Amino acid sequence: MPQQSSRNARPMIKFKDARTAIEVVQIAEQSKFEFDLSAFWNSMPKKFGKNQPHDDCHQDRGEMNRKLTHIFEITQREVPSYQSKDLSLIFHGIAKILCMLKEGGSTRNRNCVEAALHSLLLDNAIHGGLFDTMANHIVALESMATFSSQSLANIVWALAKVELPHQELFDKVAHHIVSLQSLEEFNSQALSNTVWAFAKLELPHQELFDKVAEHIVELPTLNGFDPQGIANTVWAFATAGIAHEALFDKIAHHIVELRSLNEFKPQHLWNTVWAFATAGIAHEALFDKIAMPIVSLQTLDEFNSFDSQALSNIVWAFAKVELPHQELFDKVAHHIASLQSLEEFKPQHISITVWAFAKVKLPQPELFSKIAEHITALHSLDEFMAQHLSNTLWAFAEVGIFPQELFDKVNDHFMRVYLV
């Protein structure tokens, strides 16, 4: 079995001195491509957003594409020489670049480096071969003792972010973590990112999750966990189908004891209650605590930070555990009814929202009227799955609201799609 070799002796080029992504590549080129590859990939995403106009690139995008392809080829060729930290930085750096490119959308306003990376990573998925090579290299190692907790977390996080499930690598990482005497080296982010990655790729590992849960439960405090870390942790356990009651209770108690939830973004709030509801844990004090910042919202602009997914998942979670919070449901209903349009609401969000109100027997006529008007005004219902429509009609019937136009439209759709 191959062992990790020492890194090739390459000049320690100071990529941190670069101001833009273009300068990172220029520094690499000036060194005749003799540079620390992990430092290059670690630096690149840090320079995104610091764009120069296209005219400052001084070369066409095709030429930049060739240079970056060459760097990828070197990176892949030298995989056997990488140390554990190198592998972690390359995985993490390229995954972050991919995330930033996806968030950035169109390439029209990108400089030549970012446009070339967009072509290589998103259009041609050149990273797939490199990631497979690095993952296979790690799997072939006799031991993972040289990998720090942060390196392990970075690697599985990166693979999850780019949606590349490598079963053998994840099994090896899980086995290594489970075999450790303690997880004291793992900080809160490493813990949450690790279980999040396993759950995201639908590769749950019972022993690993138990080990992480037991470690967190034994911590004297959860003050080291930020809102995202908390939300990611419970989301991971719920998604993996591992409802570790002591862990959920510890996290619920921590949140309830916080002075405020001002640092929690809407996504953190709905991911947390969604996780508890999915795990079947109705912690009333926690749900009341999470309802508070939503109930206290005063203006439409404040409420707009909660998108349709957040709103639908929050009311779904409360309904799922049968905790009808009157003020919360009133607030959400009034907000949705006051919107000019429900175009942002996907069929799933509409279905989940009315299902939740019906489940807790809070009809809210203004909400149901708004949703009925929205659906009947749609050109077609082709984007709705049969389950969405049947759940929606069930909800209206359950609360005793029967808008004829809505029922007729859904009936016509079913007749056209399923009976013709």
Side-chain angles (χ1 to χ4, degrees), residues 1-7 38 82-92 95 134-161 165-226 228-255 275 279:
M1 301 287 283
Q3 296 289 326
Q4 281 189 303
S5 306
S6 60
R7 183 190 308 180
S38 63
Y82 299 147
Q83 296 179 2
S84 55
K85 187 175 182 181
D86 301 325
L87 293 162
S88 167
L89 291 175
I90 295 170
F91 266 120
H92 192 259
M134 291 195 295
N136 290 335
H137 171 71
I138 294 171
V139 169
L141 297 173
E142 289 185 4
S143 168
M144 298 194 75
T146 61
F147 286 78
S148 68
S149 59
Q150 192 62 54
S151 291
L152 293 170
N154 282 351
I155 290 168
V156 294
W157 175 89
L159 286 166
K161 272 293 187 180
H166 194 290
Q167 182 75 60
E168 290 180 287
L169 173 63
F170 275 76
D171 285 346
K172 191 177 183 81
V173 170
H175 178 74
H176 171 71
I177 295 174
V178 169
S179 71
L180 296 173
Q181 275 197 317
S182 80
L183 301 185
E184 289 182 2
E185 184 193 339
F186 284 73
N187 62 25
S188 58
Q189 185 179 31
L191 290 168
S192 62
N193 282 353
T194 299
V195 290
W196 175 87
F198 275 79
K200 177 70 173 175
L201 292 178
E202 299 181 0
L203 298 172
H205 191 287
Q206 183 75 49
E207 290 180 278
L208 169 68
F209 276 70
D210 285 346
K211 180 98 173 182
V212 170
E214 289 162 11
H215 172 75
I216 294 174
V217 168
E218 291 172 2
L219 292 174
T221 175
L222 298 186
N223 289 338
F225 283 77
D226 62 13
Q228 184 173 353
I230 290 171
N232 282 354
T233 300
V234 291
W235 179 91
F237 276 81
T239 300
I242 301 172
H244 194 290
E245 290 190 20
L247 170 71
F248 277 82
D249 187 64
K250 175 103 176 181
I251 289 175
H253 181 74
H254 169 73
I255 294 174

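All figures in this text were calculated on a predicted structure; none of them were measured in a lab.
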> Under the side chain to side chain contact (heavy atoms under 4.5 Å, CB included) criterion, do Ile138 and Ile155 qualify, and how do the steps go?
Replying inline: CA-CA 10 Å; Ile138 294 171; Ile155 290 168; 3.9 Å; yes

> After noting the C-alpha distance and the side-chain angles of Ile251 and Ile230, does the key distance pass the side chain to side chain contact (heavy atoms under 4.5 Å, CB included) rule?
Replying inline: CA-CA 7 Å; Ile251 289 175; Ile230 290 171; 3.6 Å; yes

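Side-chain atoms of Lys172 come within 3.5 Å of backbone N or O of Leu141 as a donor-acceptor pair. Listed for the Ser88 side chain is no donor-acceptor partner under 3.5 Å among the backbone atoms of Ser84. In this structure a side-chain-to-backbone donor-acceptor pair under 3.5 Å is missing from Thr239 to Ala236. Remark: side-chain polar atoms of Lys85 are not paired, donor with acceptor, to backbone N or O of Ser38 under 3.5 angstrom.
With rounding to the nearest 0.5 Å, the separation of CG in Leu183 from CD in Glu214 is 9.5 Å. Taken from CD in Glu185 to CD1 in Ile177, the straight-line distance is 10.0 Å, to the nearest 0.5 Å. Considering NE2 of His176 and CG of Leu208, their distance stands at 11.5 Å, rounded to 0.5 Å. Atom CH2 of Trp235 is separated from atom NZ of Lys200 by 5.5 Å, given to the nearest 0.5 angstrom.
Remark: the Asp171 side chain and the His205 side chain contain no N/O donor-acceptor pair separated by less than 3.5 Å.
Partners of Ala213 under the side-chain contact (heavy atoms from CB on, under 4.5 Å) rule, at least two apart in sequence or in another chain, are Phe237, His244, Leu247.
Each of Thr233, Asn232, Ile216 was evaluated against Leu191; a single residue qualifies, Ile216, per the side chain to side chain contact (heavy atoms under 4.5 Å, CB included) test.
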